Protein chains: 4
Amino acid sequence: MSSFPSSRGRPRDPRSHEAIVSAATELVIEVGYAATSIGAVAARAGVGKDTVYRRWRGKPELVFEAVFTTTDHVPAPDTGTLAGDLTALLRSLVEEFHAPAAAAALPGLLADFAADPVLKARIRSDFLAPSKERLLIVFERAVARGEIAADTPVDLVLDTLAGAVFFHVGLVGERPDRQLAGRLAAVIAKGIEIR
Amino acid sequence: MSSFPSSRGRPRDPRSHEAIVSAATELVIEVGYAATSIGAVAARAGVGKDTVYRRWRGKPELVFEAVFTTTDHVPAPDTGTLAGDLTALLRSLVEEFHAPAAAAALPGLLADFAADPVLKARIRSDFLAPSKERLLIVFERAVARGEIAADTPVDLVLDTLAGAVFFHVGLVGERPDRQLAGRLAAVIAKGIEIR
Amino acid sequence: MSSFPSSRGRPRDPRSHEAIVSAATELVIEVGYAATSIGAVAARAGVGKDTVYRRWRGKPELVFEAVFTTTDHVPAPDTGTLAGDLTALLRSLVEEFHAPAAAAALPGLLADFAADPVLKARIRSDFLAPSKERLLIVFERAVARGEIAADTPVDLVLDTLAGAVFFHVGLVGERPDRQLAGRLAAVIAKGIEIR
Amino acid sequence: MSSFPSSRGRPRDPRSHEAIVSAATELVIEVGYAATSIGAVAARAGVGKDTVYRRWRGKPELVFEAVFTTTDHVPAPDTGTLAGDLTALLRSLVEEFHAPAAAAALPGLLADFAADPVLKARIRSDFLAPSKERLLIVFERAVARGEIAADTPVDLVLDTLAGAVFFHVGLVGERPDRQLAGRLAAVIAKGIEIR
DNA sequence: GCGTAATCGAGACGGTACGTCTTGTCTTTAG
DNA sequence: CTAAAGACAAGACGTACCGTCTCGATTACGC
């Protein structure tokens, strides 16, 4: 797709990219987000610091890509009921937030994003976009089934789902018990259903 | 027994305490949580750094006290319906998270608390305890009215409410529109009501 | 002799004085002059810092008293010859500078005295006075014997003796070999003798 | 062999080096050795603290280089007599110790060197080496002339000369009167001469 | 095949924050 | 008034990281 070779001079080594991302992921898991420094990432990747800064504007962007680009692009669930779909959706959200690197990185990462006006605007798109896409499909089907109103506020529900999972799993550190997704889905589904 | 050990030596000057807390609040508002340093707080308070470290173990503890000890000790709402009570509760939660200092401090503060095992254990008690107390009362009344089951999971609901508000207001930075509390309360109330 | 009781209120505890001096001596030996702090001395002496500052103006004065008040007031040597007397005098000087506490304290102590205008004026009197007294007597006898001129400059000779011992023993850290005093005395004696 | 390892990475800026040395010299003169801090030196040099610590292990090493690398490499004096040569040698020693920066730095500097085992071993080589070299030449000539014995102890004489000057000029702070070098040289020369 | 130019690893650079230490003073209670 | 205890303002300590910069050395492209 159109990669425009603005290429003069030596092209960037793709192996560096991958080495940096791996090093970042490992460090976040091993020492945490706060103690993960660009210098340490570069050193572990066997790379100069500039090679990192040439590709990412800073630690938040780098760690975000390192940790959250495993977004496998799961298709939207289709269990036949809103509650079922939300359960599935929440299950993958819990899984995503509970993965070692994500759990270690999320609070600090969100804080850094929130602190920078430019990055703050990207929280919705970067962190929530994939989930929102799937939630939209789930809602479409639920509307078609007559379960929910057509104007059910997607963003508010999404914030609620993500916020609940983030608080419960990421912050409070509760081990995500098996029933969490189901129970939360049940409450929200019932809460937004028409009848 | 009886020997009160803290009465030896010069007592801590309460004016220092207050000056530090004020300086911390101001700095968090002016430059943000990340850029607020203990040294700068001490300097603005006209105090030595030791005087800060003598009272707080670090920035997270200090800023937490500075920003969240306005615990107004509001009584639990009693509007007659669960939805009404939750609306009131959420309104004060939104207000609390949206206050200048709190909004500036929250993401970074939660990140620092989450990164330290000792502090992480205190998130629930320090940040959520007051709200939980009031939610418990609201639930008691709702149970008495027959609106909800006696075993409705308080912590899960609280995490959901707090998480939703934190994500919507604190992170995504949405200006908290007037209807937010009401809409969210409606969804949750309906979601957990028996019928 | 005549302790005038200017005493109102609680009198100073002489045991404190001794405890402080002992603690200072020990610390100087154990951790060196630079690392010996008033606070540490007070703590080891089981005494408040003020109790130290009430008696001494600072570390230099305290350590000086702790380390150099063992000046036993040895009588001036009288061996019958200038060279012999100087040898004896130098021997006690070497011994004094080489004692554990003195060796550890001297360089830093002299530096602190030299850095403070008030104390600097006291180096000659505090450190060198006892030796000068004895040297004067030695010189008187040598003048009487006709070995040296009556106007032989005592201060210059004393500075030379003390400086040589300080450099050789205190700074360069040479173990003071047995012959040092004799050899140095021989050179100086011969150097100042009339013939 | 041949692979010169220090050619990797950005080379150290010699202007920083010079700026630091100048700043150190100025500060020592203005506020004294004790009050000269690495931080203040760095600030005045317009340089980060790391840039200082990258080149010197600490204040003693830095100040030593700043103050005593004016090693003019004066040739050994050759006046025809031992007394004359020693006078010349002492004159330059007095001059060196009496220079503004040196006089301000010497006592503290020697104390810091003496306090550190590693540095202590370097006092003889760093501070005294240039003088010793010249004294050796002076001695050689005096031996050739038959003035002194071949085994006259250079180190002891050097310690005596340096110690005397240090005590008289550096510590006691006597203004170095014009005759000092001559008088001291006369005593020592006479003291070590064969006849 | 040759210059131009961007990238590479390395590490120096000016800043700034860290949390601890020491200084000499001050303020409490106890004697 | 002294004593022990310890708080207080000030500021230095040496380390870490930040994001930028300057090296010499590669490695591609367009000519």
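Values in this document were obtained by computation on a predicted structure and should not be read as measured data.
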Revision key, fill the gap. The nucleotide from E:dG24, F:dC21, E:dA6 with an atom nearest the side chain of A:Arg10 is E:dA6
Check your understanding: Out of F:dA5, F:dG14, E:dG24, which has the shortest distance to the side chain of D:Ile38?
Key -> F:dG14
Study note, to complete from the structure: DNA chain F nearest-nucleotide lookup for B:Ala45 and D:Gly39: closer to the 5′ end is B:Ala45
Study note, to complete from the structure: Testing F:dA3, F:dC18, E:dT27 for proximity to the side chain of C:Arg55, the answer is F:dA3
Review point. Think D:Thr51 has a side-chain N or O under 4.0 angstrom from the OP1 or OP2 of E:dA12?
Key: no
Practice item. Take atom OH of B:Tyr33 and atom C1' of E:dA17, then tell me their distance rounded to the nearest Å. Key: 14 Å
Review point. What is the distance, rounded to the nearest whole Å, between atom CZ of B:Arg54 and atom P of E:dT20?
Key: 12 Å
Check your understanding: Whole-Å distance between E:dT23 C1' and C:Leu62 CG?
Key -> 14 Å
Practice item. Take atom CD1 of A:Ile20 and atom P of E:dG9, then tell me their distance rounded to the nearest Å. Key: 7 Å
**Study point:** Listed nucleotide nearest any side-chain atom of D:Lys49, set E:dA12, F:dC23, F:dT15
**Key:** F:dT15
Point to revise | Length of the line joining B:Glu61:CD and E:dC18:P, which is rounded to integer Å | key: 13 Å
Exercise for review: Write down the atom of B:Leu109, the atom of B:Phe68, and the distance for their closest heavy-atom approach.
Suggested key: CD2-CE1, 3.9 Å
Revision key, fill the gap. Assign each of B:Lys59 and A:Gly46 the nucleotide of DNA chain E bearing its closest heavy atom; nearer the 5' end lies the nucleotide of A:Gly46
**Study point:** Backbone of D:Ile38 reached by a side-chain donor or acceptor of D:Lys49 within 3.5 Å
**Key:** no
**Study point:** Length of the CZ-C1' vector between D:Arg57 and F:dC13, whole Å
**Key:** 14 Å
Study note, to complete from the structure: Of the listed F:dC8, E:dG24, F:dG19, the closest approach to the B:Ser16 side chain comes from F:dC8
Review point. Just checking D:Asp50: base, sugar-phosphate only, or nothing, at a heavy-atom cut-off of under 4.0 Å?
Key: base
Study note, to complete from the structure: By nearest-heavy-atom nucleotide on DNA chain E, the more 5' of A:Arg12 and D:Asp13 is A:Arg12
Practice item. Report yes or no: does B:Arg122 contribute a side-chain atom to a donor-acceptor pair with the main-chain N or O of B:Val118 at less than 3.5 Å? Key: no
Check your understanding: Which of the following nucleotides, F:dC13, E:dT28, E:dG9, is nearest to the side chain of B:Pro11?
Key -> E:dT28
Review point. Below 4.5 Å, heavy atoms only, C-beta onward: do A:Val21 and A:Trp56 meet side chain to side chain?
Key: yes
Check your understanding: When you look at CD of D:Glu18, are more than 12 heavy atoms from neighbouring residues, nucleotides or ligands closer to it than 6.0 Å?
Key -> no
Review point. Whole-Å distance between E:dT25 P and C:Trp56 CH2?
Key: 16 Å
Study note, to complete from the structure: Which of E:dT22, E:dG24, E:dA10 is nearest the side chain of C:Ser37? It is E:dT22
Check your understanding: What's the NE2-P distance between B:His17 and F:dA7, to the nearest Å?
Key -> 14 Å
Check your understanding: Looking across every strand, which nucleic acid part, if any, lies under 4.0 Å from D:Gly58 by heavy atom: base, sugar-phosphate, or nothing?
Key -> nothing
Review point. Which pair of non-hydrogen atoms, one from B:Ala35 and one from B:Val31, has the smallest distance, and what is that distance?
Key: CB-O, 3.5 Å
